[in-house]
Amino acid sequence: MKTPNPSATVTINSIAKKKQLAGEIVYNFAAGDPILRTHETILNGVIEETKNGFSPYPPVDGLPELKTLAANWLNQEYDSAFTPSQVLVTTGGKFALFAALYVLLEQGDEVLIPSPYWVSYPEMVSMANGKPIFIASTKENAWKITPKSLLSHISPKSKILLLNSASNPTGSVYTHKELEELLDIAKSHNLLVLSDEVYSGLIYENTPFISCSSFPEHRDRVIVVQSCSKNFGMTGWRVGFAFGPEKIIKSLCAFQGQTTTAAAWMSQWAAIYALKNKKAVNSYVKKEMLIRRDLFVSTYNALFQEPIKAPGSAIYAFVSLQSLGVQKMQNSVLFCEQIIAASNVALVPGIAFGQEGYVRFAFSETETSIENGLHLLKKAIDTLFP
Ligand code: PLP
């Protein structure tokens, strides 16, 4: 039996869910799920579309209207140049990532992954018969890799550079110049670039979001993964996208045809209404996440001695145990286990993202949960780690 390792976020989340089922209140900083009501225009749109009573198998590549809207979204907002035939609608961005890795990798091919990384990348690469190669980054360098660090990890077996800007867990966003340098290196070493851009719509500072698909000279090697989940507050609807060269998209489509068939028909309609109203829906989510981020940071900084900076994007804060006032422990798994047992506060251990001595908070929960959870966390740390 080939059982993949469960994702660490899912594991902590299931401990949290078990406690909730037992009637306990859990303060869940682990989930990375914007707890928001789906935007009204999406709900109303889907209700209208379902009234005719039919829900046939959708086309494997996605509903034509959705593919056109998705291409326009990236072309208008991120300077891309995709045609609808370069778009595949998938069951969440997660499946787009896995499908791309699955079809592109041959046994033993290496995938270069900047670390800290999103928890699912290494396992997905291994399931697709590839080998993850991690490129460490540091807080001092804003958790970004450099041309030098990329170059020093490239080998004859390197096949894909897997980038994630804006990043989960660190919130770092690569600039135009930084991406250009990395893409130039990818080109000169014949690497494909799998660019996970699922947080592109949640940038809070003035730094503009730059898509890897905005560089015309690199479009033949870039595959962009996008999603409605976080940009439009639609995690449960499970709609994502792969954008890229037509030949690659056709191959991903064949893989999808033999596995999931397509994203659910009703969910694709929800995505159509989200994209038709993308400005309103995204500002609704972004505004709410910004309120929660600011509440998270101000509460945190009032409670803990070492202040943190407000994350510039996404929905996460990546914080060292040391800055939480925990001096003698580096084991993030042990720390998170002790904290959830003592206070019902769920955090994700940094090691799940490849970085020991850190934990990740998702600040996407409700405001009450953020405030109460942080107070309980502080109390638990003072008791457990005096
Ligand atoms: N990529 C990153 C970096 C993520 O954090 C997530 C979800 O948390 C995904 C991809 C997948 O998102 P979804 O499958 O919900 O579109």
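Counting convention: from 1, in listed order, for ligands and their atoms alike. Keep in mind the model is a prediction, meaning the values are calculated, not measured.
Sorted by first then second residue, the side-chain hydrogen bond (donor to acceptor under 3.5 Å, both in side chains) pairs that include residues 373-386, not counting sequence neighbours, are Lys378-Asp382. Among residue pairs with one or both ends in residues 214-238, those qualifying as ring-ring contact (aromatic ring centres under 6.0 Å, His included) are Trp73-Phe232, His176-Phe215; sequence neighbours excluded. Screening residues 43-57 for salt bridge (charged side-chain N to carboxylate O under 4.0 Å, His left out) gives Glu48-Lys51 as the qualifying pairs, with residues at least two apart or on separate chains.
The 4.0 Å heavy-atom shell around ligand 1 contains residues Gly92, Gly93, Lys94, Leu97, Trp118, Tyr121, Asn164, Asn168, Asp196, Val198, Tyr199, Ser227, Ser229, Lys230, Arg238, ordered by chain and number.
When every heavy atom of Gln226 is checked against every heavy atom of Ser200, the shortest pair comes out as NE2-OG, 2.8 Å.
Taking a cutoff of 4.0 Å between a charged side-chain nitrogen and a carboxylate oxygen, Arg293 and Glu205 qualify as a salt bridge. Classification of Lys19 and Glu24 as a salt-bridged pair holds, one side-chain N sitting under 4.0 Å from a carboxylate O.
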